[in-house]
Amino acid sequence: MYVVFLGAPGAGKGTQAAEVAKELQLAHIATGDMFRDAQKKGTALGMKAKEYMEKGQLVPDEITVAMLLERIGQADCAQGVILDGFPRTLAQAEALDKALAQQKKAIDYVIYIKVADTELMKRLGGRWICRKCQTPYHEVASPPKVKGVCDKCSGELYQRADDVPETIKARLGVFHAQTAPLIDYYTKTGKLTEVNGEGGMTDIRKRILDAIKKGKPGRNR
Ligand code: AMP
């Protein structure tokens with residue numbers, strides 16, 4: 001099963017994708033995490049991606065598509081995947097459809113997690129992430145038990161370099177200009193379900209799982 005999680009930065013794609021992937025026993029692939037990992041390792045891909053990420057811009061499609069297609073070809077993806085943060089442009093969506101079609105596969109569900117921009121600005125501004133397991137926290141909405149320490153793995157929490165106000169604004173602009181057209185693209189395929197991404201984590205997760213289980217496109221507020 002191939003599931004795409006679509007949503008603006010800060011919509012909660014990462015948190016929800018991790019939990020839903022566990023529940024449905026699918027691989028969780030986050031292109032943002034892959035780029036950050038490559039940066040940490042100091043690879044050529046990581047250094048190239050950094051130039052764009054620092055400015056809140058998208059990494060070029062050729063680089064991103066090649067990295068993603070290589071990743072979904074790996075053994076742990078055989079049962080299917082949740083894609084978190086990919087595709088982010090029409091060209092990426094088309095490349096993915098084409099690559100899957102060559103293997104007689106297709107995307108099954110697209111979950112669009114919708115959150116208002118004012119809420120996104122608030123969320124991203126106070127976000128802290130675990131260096132080890134990537135679990136996100138929020139200073140106000142979901143703080144860790146001990147400041148700076150991950151509840152799950154005791155890893156160190158840090159603030160992403162692109163979670164600063166100017167870059168947050170740029171990322172939201174990029175979402176509206178380049179990624180939002182995918183809502184239309186996937187609505188036309190009949191695979192998209194819009195899920196309200198505001199409220200409690202458990203409620204949002206339930207809405208997502210219901211949308212996948214029901215398998216019917218439409219609104220699920
Ligand atoms: P994220 O962790 O999903 O918020 O992604 C962080 C940054 O990584 C984005 O602002 C982009 O610079 C880059 N990135 C992640 N996924 C993609 C993608 N599918 N296409 C292009 N750039 C991406």
Side-chain angles (χ1 to χ4, degrees), residues 2-18 20-21 27-41 43-72 81-100 107 110-113 115 117 119-131 133-138 157-183 185-186 197:
Y2 289 86
V3 185
V4 168
F5 275 27
L6 204 59
K13 297 185 299 295
T15 318
Q16 295 295 343
V20 173
H28 170 203
I29 299 178
T31 39
D33 287 348
M34 292 177 78
F35 285 134
R36 277 182 291 277
D37 204 41
Q39 271 179 51
K40 229 192 297 173
K41 290 182 181 141
T43 66
L45 170 77
M47 293 306 103
K48 188 82 203 148
K50 188 168 186 241
E51 290 172 29
Y52 298 92
M53 291 169 80
E54 277 178 348
K55 296 184 213 142
Q57 295 169 357
L58 294 183
V59 179
D61 286 336
E62 316 83 78
I63 299 176
T64 311
V65 168
M67 176 182 80
L68 188 276
L69 293 185
E70 200 267 326
R71 178 69 187 90
I72 60 172
V81 294
I82 293 195
L83 294 174
D84 155 14
F86 185 96
R88 264 174 149 107
T89 64
L90 276 173
Q92 290 180 12
E94 285 164 0
L96 176 64
D97 281 348
K98 197 168 147 205
L100 290 177
I107 289 165
V110 178
I111 304 295
Y112 167 42
I113 307 178
V115 174
D117 273 11
E119 171 70 15
L120 294 169
M121 291 290 294
K122 262 194 263 166
R123 286 188 188 180
L124 292 167
R127 181 158 79 169
W128 289 78
I129 296 169
C130 174
R131 264 191 213 289
C133 73
Q134 318 303 331
T135 298
Y137 295 87
H138 190 275
L157 304 186
Y158 78 105
Q159 282 200 295
R160 273 171 49 171
D162 57 355
D163 279 348
V164 294
E166 274 319 297
T167 318
I168 291 171
K169 267 191 220 145
R171 288 161 65 208
L172 289 180
V174 164
F175 171 77
H176 289 295
Q178 299 189 59
T179 308
L182 294 182
I183 299 166
Y185 177 83
Y186 286 123

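Numbering of ligands and ligand atoms starts at 1, following listing order. Worth knowing before you read on, the calculation uses all heavy atoms, side chains too, and leaves out hydrogens, waters and symmetry mates.
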Item to check | Audit row: D33, K40, salt bridge (charged side-chain N to carboxylate O under 4.0 Å, His left out) steps and yes/no | outcome: CA-CA 10 Å; D33 287 348; K40 229 192 297 173; over 6 Å; no
Checklist outcome for this item: When rounded to the nearest 0.5 Å, the distance separating CG of L58 from CZ of F175 is 11.0 Å
Item to check | D117 CG to I168 CD1 distance, which is reported to the nearest 0.5 Å | outcome: 11.5 Å
Checklist entry - Can you find a pair of side-chain heavy atoms, one from I72 and one from L96, that are under 4.5 Å apart? => result yes
Next on the checklist: Which of the numbered atoms in ligand 1 are under 4.0 angstrom from any heavy atom belonging to T64?
Outcome noted: 18 (C), 19 (N), 20 (N), 21 (C)
Checklist entry - In terms of residue, atom name and distance, what is the protein heavy atom nearest to atom 22 (N) of ligand 1? => result V59 N, 3.0 Å
Checklist entry - Can any side-chain N or O of T31 pair as donor or acceptor with the backbone N or O of G85 at less than 3.5 Å? => result yes
Checklist entry - Tell me, do T167 and R160 make a side-chain contact under 4.5 Å, heavy atoms counted? => result no
Checklist entry - Pick one: which of V59, I63, T64, D37 meets side chain to side chain contact (heavy atoms under 4.5 Å, CB included) with L45? => result I63
Checklist entry - Rounded to the nearest 0.5 Å, how far apart are CD of Q159 and CZ of R127? => result 10.0 Å
Checklist entry - With only distance considered, is G85 within less than 3.5 Å of ligand 1 through an N or O on each side? => result yes
Checklist outcome for this item: atom 8 (O) of ligand 1 has as its nearest protein heavy atom M53 CE, 3.4 Å
Checklist entry - Under 3.5 Å between some N or O of ligand 1 and some N or O of L58? => result no
Item to check | Numbered atoms and elements of ligand 1 in range of R171, under 4.0 angstrom, heavy atoms | outcome: 4 (O)
Next on the checklist: I need the Y112 OH to Y186 OH distance, nearest 0.5 Å.
Outcome noted: 14.5 Å
Checklist outcome for this item: So the atoms of ligand 1 within less than 4.0 Å of a heavy atom of R36 turn out to be 2 (O), 6 (C)
Checklist entry - Short N/O distance, under 3.5 Å, between Y52 and ligand 1? => result no
Checklist outcome for this item: Heavy-atom proximity to atom 1 (P) of ligand 1, picking from R88, Q92, Q178, K13, points to R88
Checklist entry - Based purely on interatomic distance, does Q57 place a nitrogen or oxygen under 3.5 Å from a nitrogen or oxygen of ligand 1? => result yes
Checklist entry - Which atoms of ligand 1 have any heavy atom of T31 under 4.0 Å away? => result 15 (C), 16 (N), 17 (C), 19 (N)
Checklist entry - Does R160 approach ligand 1 within less than 4.0 angstrom via side chain, backbone, both or neither, non-hydrogen atoms only? => result side chain
Checklist outcome for this item: Residue, atom and distance of the protein heavy atom nearest atom 23 (C) of ligand 1 read F35 CE1, 3.8 Å
